[in-house]
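Here is how names work: the chains are called A, B, and so on, in the same order as the sequence lines, proteins then strands, and each is numbered from 1. Since the model is a prediction, treat every value here as computed from it, not as a measurement.
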Number of protein chains: 2
Amino acid sequence: MLTIRDIAREAGVSTATVSRVLNDLQSVTEETRRKVLETVNRLGYRPNGLARSLSTKRTGTMGLIISDITNPFFPEIARGVEDVLNAYGYNVILCNTDGHAEKEAAYIRLLVEKRVDGIIFASVRTDKSDLSDLDANGIPWVLAGRTLPGIDRDCVVVDNILGAYQATQHLLQLGHRRIGYVSGPFHVSVNMERLEGFRQATSGYGLNASELPIVEADFKQAGGYAAALRLLGPQSDLTALFVANDLMAIGVLEAAHDLAIQVPEDLAVVGFDDIPLAALHTIQLTTVAQPKYEIGAVAARMLLDKIDRVNTDGDRSSAKVILTPKLQVRRTSGADLSPQIGRQPATVPDAEK
Amino acid sequence: MLTIRDIAREAGVSTATVSRVLNDLQSVTEETRRKVLETVNRLGYRPNGLARSLSTKRTGTMGLIISDITNPFFPEIARGVEDVLNAYGYNVILCNTDGHAEKEAAYIRLLVEKRVDGIIFASVRTDKSDLSDLDANGIPWVLAGRTLPGIDRDCVVVDNILGAYQATQHLLQLGHRRIGYVSGPFHVSVNMERLEGFRQATSGYGLNASELPIVEADFKQAGGYAAALRLLGPQSDLTALFVANDLMAIGVLEAAHDLAIQVPEDLAVVGFDDIPLAALHTIQLTTVAQPKYEIGAVAARMLLDKIDRVNTDGDRSSAKVILTPKLQVRRTSGADLSPQIGRQPATVPDAEK
DNA sequence: TTGTACGCGTTATCAC
DNA sequence: GTGATAACGCGTACAA
């Protein structure tokens with residue numbers, strides 16, 4: 001592949017001049033400028049970014065760490081990240097960790113070796129030591145859609161406690177008292193927060209949250225399906241389920257169907273995230289909406305800011321941005337059925353089918 | 001950040017020896033080996049991949065170019081690509097082009113400058129000149145889920161013509177004769193092929209394909225919705241729609257619902273792709289299944305092969321892999337309704353609701 | 001305005 | 001087995 005020296009020789013100038021033209025710096029005669037650009041185009045020269053990065057100490061590449069891009073929650077976040085970063089000339093390396101700590105650690109090591117300019121963590125699980133490792137190496141990072149215990153900066157999240165509180169209260173106001181919680185992995189922060197919101201809301205209604213059934217699952221559709229089978233057995237008295245994310249809620253709906261349980265007549269279901277398919281008329285999942293694209297976009301801007309600040313003054317931390325979740329009331333919570341749950345036919349779209 | 005020289009000095013050896021230990025090459029005494037590794041771990045040294053790549057001429061990074069990761073068709077492909085490449089120590093740079101030629105060209109330039117070891121194209125549109133540009137620069141590439149006119153190598157695809165043929169024939173066998181085609185962008189190869197399959201099947205039944213309505217849309221849900229509104233106006237006599245991809249088919253279903261058209265009783269719908277939500281019991285979209293994950297995985301392996309071959313002998317091309325699509329018959333085509341279309345109530349799941 | 005020469009952090013080719 | 005040292009391709013003081 002051609003080098004800057006080839007261009008310099010061909011154009012009859014020095015490599016320094018070629019470099020100046022390519023990065024349009026300072027003083028270069030329009031004459032020589034033309035000459036250089038002409039040979040560059042004629043020969044199809046492409047600068048070697050590796051050499052450039054080695055010299056400038058910036059790569060124009062960022063890492064994006066998520067759990068699994070096939071989870072419908074993540075593509076929009078990734079898109080928000082990508083759009084913003086790409087507008088500033090950055091590329092994004094995508095990393096699927098499946099929530100495995102080892103996979104994540106391995107990715108981080110690779111990203112550090114590739115000297116990415118920054119990393120966005122949207123995966124559910126991250127070791128705090130990994131982050132201090134990055135700090136030690138001077139690589140800025142940002143958390144998107146999640147927090148970490150003991151860290152209340154450099155992250156953009158929705159208020160999960162509030163969202164879960166609203167969702168649960170919605171069910172309570174509809175008259176439900178026997179409400180189950182389909183949980184994500186217990187130790188994951190977003191799940192802990194949503195569980196906390198669930199607890200606050202139920203105890204606000206004088207219920208003992210510890211008496212309400214909670215089943216741990218994995219944030220995936222199949223996990224939600226399995227959890228629902230366990231919760232909705234023959235002797236179940238549950239009339240509603242709050243599910244920690246939409247993907248599991250979809251699994252719950254599938255399970256309810258297979259168990260011949262009518263939603264929302266016999267069972268109200270509320271999810272979290274508002275993934276695209278939740279709004280389809282055949283699904284109409286009541287859920288807590290997160291601004292996914294915005295979470296990604298804001299996180300990206302925050303990261304860019306942080307990089308700027310590292311390069312100027314020494315300040316390395318950003319504020320914490322908390323976005324507000326919004327309860328999207330749709331069919332599956334049976335809001336139109338209240339106050340007598342499960343007694344009268346639903347008057348919602350599709351009900352007459 | 002620490003350099004190999006720091007380690008060499010601290011361990012009392014030369015940089016060459018440190019390098020040998022790190023890449024466990026040749027002859028190094030167990031003694032010195034231990035000593036080097038100890039200081040590496042103690043000081044937390046991370047090799048600079050840029051410098052390494054500059055020297056070795058490989059980056060361990062690949063580019064993946066797609067249209068839009070929020071289109072449910074792509075996450076599984078991306079996952080297949082990522083899983084395989086990551087197993088071989090590669091990272092993946094994700095590029096969303098939205099089908100814009102300029103965006104794609106800009107991405108390719110960036111990827112070339114970063115000296116990625118290879119590129120996978122899963123986007124719908126690619127300029128042939130871009131590819132020859134890559135060839136000129138010695139960067140291997142592979143096409144995934146699509147072809148390019150005049151190129152029948154280095155790609156993995158399903159037989160789109162066959163898939164579309166089967167889908168259309170399915171509708172014809174159910175008795176439909178007035179079938180519309182909701183098209184993707186006309187110039188996109190996969191769409192052209194599916195249209196071709198549609199034409200072959202209809203003319204096989206003595207129909208004049210040119211008399212059947214075809215509306216061009218954009219492969220997105222909103223586009224499918226809009227196309228359906230145009231096709232299903234008051235004076236429409238269509239009893240079935242073959243839709244070029246599932247995402248648009250979802251839009252068609254939404255439109256049908258808003259127009260109070262019953263699916264499948266009044267309108268049969270068949271899509272293409274078999275995205276995850278097509279299988280949900282509330283959707284049950286009849287569609288042509290593509291093995292998306294496999295397409296990504298096979299493309300990744302093909303790219304790895306191609307890279308290997310470039311490094312050994314000079315052969316730079318791979319074969320063309322054609323995977324077989326599979327018609328997934330579900331509710332929306334009303335297979336259980338035949339032969340009298342639209343006369344009797346459906347006896348499909350959910351019908352008694 | 002332009003050119004020379006060194007540094008960026010590795011790997012690889014020599015000697016020893 | 002180990003150590004100098006020249007690439008790798010670019011940016012950039014410094015000098016001219």
Go through the structure and list residues passing salt bridge (charged side-chain N to carboxylate O under 4.0 Å, His left out) with B:Arg109, not counting sequence neighbours. none
Does B:Val157 form a side-chain contact (heavy atoms from CB on, under 4.5 Å) with B:Val321? I'd like the steps, not just the answer. CA-CA 6 Å; B:Val157 288; B:Val321 172; over 6 Å; no
Would you call B:Lys320 and B:Asp154 a side-chain contact if the rule is heavy atoms closer than 4.5 Å? no
5'-most to 3'-most nt of DNA chain D touching chain B (<4.0 Å, heavy-atom partner on protein side) reads D:dG1 to D:dG9
Nearest-angstrom distance from the residue atom NZ of A:Lys114 to P of C:dG9: 19 Å
Residue set satisfying side-chain hydrogen bond (donor to acceptor under 3.5 Å, both in side chains) with A:Thr59, at least two apart, ordered chain then number -> A:Asp117
Might you work through the side-chain contact (heavy atoms from CB on, under 4.5 Å) test for B:Thr32 and B:Val21, ending with a clear yes or no? CA-CA 9 Å; B:Thr32 55; B:Val21 172; 5.6 Å; no
A:Lys57 NZ - C:dG9 C1' separation (whole Å): 8 Å
Any side-chain N or O of A:Ser53 below 4.0 angstrom from OP1/OP2 of C:dC8? no
Using a strict threshold of under 4.0 Å (side-chain N to carboxylate O), is an ion pair present between B:Arg79 and A:Asp98? yes
Do A:Asn91 and B:Lys114 meet the criterion of a side-chain donor-acceptor pair at a distance under 3.5 Å? yes
Counting only heavy atoms and a strict 4.0 angstrom limit, can you tell me which residues of residues 18-25 of chain B come near DNA chain C? B:Ser19, B:Arg20, B:Asn23
On DNA chain D, compare the nucleotides closest to B:Arg5 and B:Arg115; which residue's is nearer the 5' end? B:Arg5
B:Arg58 versus B:Tyr90, side-chain donor and acceptor atoms under 3.5 Å: yes
Hey, can you pull the residues of residues 37-48 of chain B with a non-hydrogen atom under 4.0 angstrom from DNA chain D? none
Interatomic distance where CZ belongs to B:Arg58 and C1' belongs to C:dA12 [whole Å]: 16 Å
Test of understanding: with side chain to side chain contact (heavy atoms under 4.5 Å, CB included), list the residues that count as partners of B:Cys95, not counting sequence neighbours. B:Ile65, B:Ile93, B:Tyr107, B:Leu111
At less than 4.0 Å, is any side-chain N or O atom of A:Thr17 found next to OP1 or OP2 of C:dG3? Yes or no. yes
From CD1 of B:Ile4 across to C1' of C:dG7 the rounded distance in Å is 16 Å
State, without any angle test, whether A:Ser132 and A:Ser129 hold a side-chain donor-acceptor pair at a distance under 3.5 Å. no
Locate the shortest heavy-atom distance separating B:Met1 from B:Asp6; write the atom from each residue and the value. O-OD2, 4.5 Å
side-chain N/O A:Ser55 vs C:dC8 OP1/OP2, d < 4.0 Å: no
Using a 4.0 Å heavy-atom cut-off, does B:Ser27 contact any base of the nucleic acid, only the sugar-phosphate backbone, or nothing at all? base
Within the structure shown, what part of the strands sits under 4.0 Å from B:Thr15 by heavy-atom distance: base, sugar-phosphate, or nothing? base
